[in-house]
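A quick write-up on the structure given underneath.
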2 protein chains.
Amino acid sequence: MDVAERRVPLNRDRVLRAAVELADRTGIDALSMRNLAQELGVVPMALYKHVANKDELLDGMVDTVVAAIGTSVAGDGWKTAVRSRILGARTALLRHPWAWRVIDSRTAPTPAVLAYLDSIIGLFLAGGFSPDQTHHIVHALGTRMLGYTQELFNDSPASSPAAQREAARLMAPAFPNLAIMALAAAHDESSVVGSGCDDQFEFEFALNLLLDGFDHLPR
Amino acid sequence: MDVAERRVPLNRDRVLRAAVELADRTGIDALSMRNLAQELGVVPMALYKHVANKDELLDGMVDTVVAAIGTSVAGDGWKTAVRSRILGARTALLRHPWAWRVIDSRTAPTPAVLAYLDSIIGLFLAGGFSPDQTHHIVHALGTRMLGYTQELFNDSPASSPAAQREAARLMAPAFPNLAIMALAAAHDESSVVGSGCDDQFEFEFALNLLLDGFDHLPR
DNA sequence: TTGACCGGTGTACGCCGTACACCTATGGTG
DNA sequence: CACCATAGGTGTACGGCGTACACCGGTCAA
């Protein structure tokens, strides 16, 4: 019987999928070769028959989730095509919160990442942008102007609006402008339930701003 | 004599500055409590009299470099003020390549980061943007649309243009659009010596695009 | 029948962060 | 002046990490 179980003996793919699942469930920091091995009912060193080392495991995980982005494109011009592609990538990566951090801790991009990038570039070239312009555009899409993400404001995940307003009032003396902004955001209850701040909306706002900017480039 | 040396006995500040310096020199991955202690001529556990644990050390390091951004602002309207502030932050952080990654691996923002953010927000509020608009804007500045940075193209640090063109030709079959773009970038030799791609120029291009976008918001 | 090879095992090494007990000099207080 | 609390540096030890290396049992081609 255990022989029968051994008959499906741990593809590289099974290792990668298990790693992704474990990282999703317990966080990327808790993903160790030992934990992963235990999850698969195997001794740690067995993994090394399928991945060279932990870095290659991480690369493989990235490739797995990036490859899942898919290649659907709506055909109505470059702008909607790019938008749908990027939003699709976002929803795919949102399922694996560790992915962003892992992706840019890697030194060399993985093939799936390059393929995704290539497809985006293709959309801009097909849209009539020059290779140089496309280069600038890709940089603009890949650069973060500030060093930190919007996660700043998730102080307490499900805090009530009242508690949030109270927190704002607390930091008002030290960071008055921040407090003003936070209060305004907590105010407007038209957004989704969460932190008084609809991340999806914010993302699309920024994306549209950039796309419109690209649109106005001389061509 | 060694008593005399012990008379300057390891401020928390000296620990943080040494940590920053060590991370700059050997990379953030090589920064361990043990290495840092050795650098300071002290036993590892001595550090724990000055920082609670390694996470707090990292927070302190972030605070140190972010506090060094400074608060200079040119007075000619919000746009130039924001631009100079952000470019200043960029040059400060470029001196510590590990900082970006450490900053967004932290769960809670440190005081200096909040202060910097507060000052940026203040510039937009003073520029006539509503708190809500400012909120959107800060998100736009803090979000990276693609999951990867521009470091993608640093395959080989000091590769000759010829080598780079050769690399592009190699990947052309698999990633044709990427190759087109890379060739165009390597082409134009007007940029700085480096990788055929002037990161500073790309950054300012993206920044100006966003700032102009903000400028056109109804107000 | 044999022997190569593939995949899983067991042991061991050197690194990491850090808990805990200890030691020693210092400086304020009786 | 005697005393002792305290701050800062030490030494040892533990559990976890990635992984090198030797091993070993099946499977299958020759």
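Chain letters run A, B, ... following the sequence lines, proteins first, then strands; residues in each count from 1. Just so you know, these numbers use all the heavy atoms, side chains as well, and skip hydrogens, waters and symmetry mates.
For the pair His139(B)/Phe203(A), no side-chain contact is recorded, criterion being any heavy-atom separation below 4.5 Å from C-beta on. Looking only at side-chain heavy atoms (C-beta outward), Asn177(A) and Ser119(B) stay at 4.5 Å or farther from each other. Side-chain contact between Arg12(A) and Leu16(A) is present, with at least one heavy-atom pair separated by less than 4.5 Å.
Whole-Å rounding puts the Leu31(A) CG to dG16(D) P distance at 16 Å. Taking atom CG of residue Leu36(A) and atom P of nucleotide dC17(D), one finds them 12 Å apart after rounding to whole Å. Summarising the geometry, the separation between CE on Met45(A) and P on dA20(D) is reported as 7 Å, rounded to the nearest angstrom. One interatomic measurement links the two molecules: NZ of Lys54(A) to P of dC16(C), which rounds to 16 Å at whole-angstrom precision. For Arg12(A) and dC6(C), the CZ to C1' distance is 17 Å, given to the nearest whole Å. Whole-Å rounding puts the Asn53(A) CG to dT19(D) C1' distance at 9 Å. In this structure, Leu47(B) places its CG atom 10 Å from P of dG17(C), rounding to the nearest Å. Rounding to whole angstrom units, CE of residue Met33(A) and C1' of dG8(C) are separated by 14 Å.
Comparing dG8(C), dT18(C), dT10(D) by their closest approach to the side chain of Leu10(A) singles out dG8(C). You'll find that the side chain of Arg34(A) is closest to dA12(C), out of dA12(C), dG17(C), dG8(C).
Among Val20(A), Val113(A), Leu57(A), the single residue meeting the side chain to side chain contact (heavy atoms under 4.5 Å, CB included) criterion with Val62(A) is Val113(A). With Leu141(A) as reference, Ile137(A) is the one residue of Val138(A), Ile137(A), Thr143(A) to meet the side chain to side chain contact (heavy atoms under 4.5 Å, CB included) rule.
Remark: the Lys49(A) side chain and the dG8(C) base include a donor-acceptor N/O pair separated by less than 3.5 Å.
Take the nearest nucleotide of DNA chain D for Val43(B) and for Tyr48(A): the residue whose nucleotide is more 5' is Val43(B). Residues His50(B) and Ala30(A) both approach DNA chain D. Their nearest nucleotides, taken by heavy-atom distance, put His50(B) toward the 5′ side.
An OP1 or OP2 oxygen of dC15(C) is reached within less than 4.0 angstrom by no side-chain nitrogen or oxygen of Asn35(B).
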